[in-house]
Amino acid sequence: ETGVTQSPTHLIKTRGQQVTLRCSSQSGHNTVSWYQQALGQGPQFIFQYYREEENGRGNFPPRFSGLQFPNYSSELNVNALELDDSALYLCASTQGGGTEAFFGQGTRLTVV
Amino acid sequence: DQQVKQNSPSLSVQEGRISILNCDYTNSMFDYFLWYKKYPAEGPTFLISISSIKDKNEDGRFTVFLNKSAKHLSLHIVPSQPGDSAVYFCAASVGANNLFFGTGTRLTVIP
């Protein structure tokens, strides 16, 4: 059984650029959620995908968008990057209806 | 608006003693509560959870207590070990939906 994997692990981007982060869910899990963790804070929910459809969204602007693929892997896209987007981005997977989310190691995004 | 709060940013405990980490929440609709442990450069690792229909759940050295009337939960680690040193996050959800996290408590277990 493979766990949740994210790529890349670290990324540096310039303000105004666009970025795509990737996540492979744990085997058998059909629900993927993305979280943003700023320094010194707890993870904040961005959105969730279930069977390729967005299934809930947190308080993030539309320039944060996502996709889920038929194999349940997922992407997080952020357009027009701002300095405040610098954070650890975490992907978590659950089996639909399950409540225990399993997290990847995260992608550390730095916007300069 | 922080719906889940961990008011102690850090806690130091001697090895072998009990560690008690606290968490408060404001949303009475939360019906599932979880604790995660996080090491540097790793994602959060699920530790233990509790449903709102229970007031205690135990798994080895870890016990979670839920007091719904006070909207408070706590994680007890007995006995504490140096390997338990990490940041602990409390999280809550309504059903199987997104998690609301606290800001974390850094636990240091002193050998």
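Remember, it's a predicted structure, so these values are computed and weren't measured experimentally. Residue numbers start from 1 in every chain, and the chains themselves are labelled A, B, ... in the order their sequence lines are given, proteins ahead of strands.
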* List the steps, then state whether ring-ring contact (aromatic ring centres under 6.0 Å, His included) holds for A:Y35 with A:F103. => CA-CA 10 Å; A:Y35 291 81; A:F103 284 82; 5.6 Å; yes

* Can you tell which of A:R63, A:K13, A:R15 makes a salt bridge (Lys or Arg N to Asp or Glu O under 4.0 Å) with A:D85? -> A:R63

* Taking atom types as modelled, find out whether A:Y72 and A:Q26 have a side-chain donor-acceptor pair closer than 3.5 angstrom. => no

* B:F65/B:H76 aromatic ring centres below 6.0 Å -> yes

* **A:Q37, part contacting chain B, at a heavy-atom distance under 4.5 Å** => side chain

* Given a strict heavy-atom distance threshold of 4.5 Å, which part of A:F47 is in contact with chain B: side chain, backbone, both, or neither? -> neither

* Just checking heavy atoms, which of residues 101-110 of chain B are less than 4.5 Å from chain A? -> B:F101, B:G102, B:T103

* To do: Side-chain contact test, heavy atoms from C-beta onward, threshold under 4.5 Å: evaluate it for A:R108 versus A:L88 and give yes or no.
  => yes

* Asked: Thinking salt bridges, do B:D84 and B:R61 make one under a 4.0 Å N-O criterion?
  -> yes

* Asked: Is there a donor-acceptor pair under 3.5 Å between the side chain of A:Q18 and the backbone N or O of A:N77?
  -> no

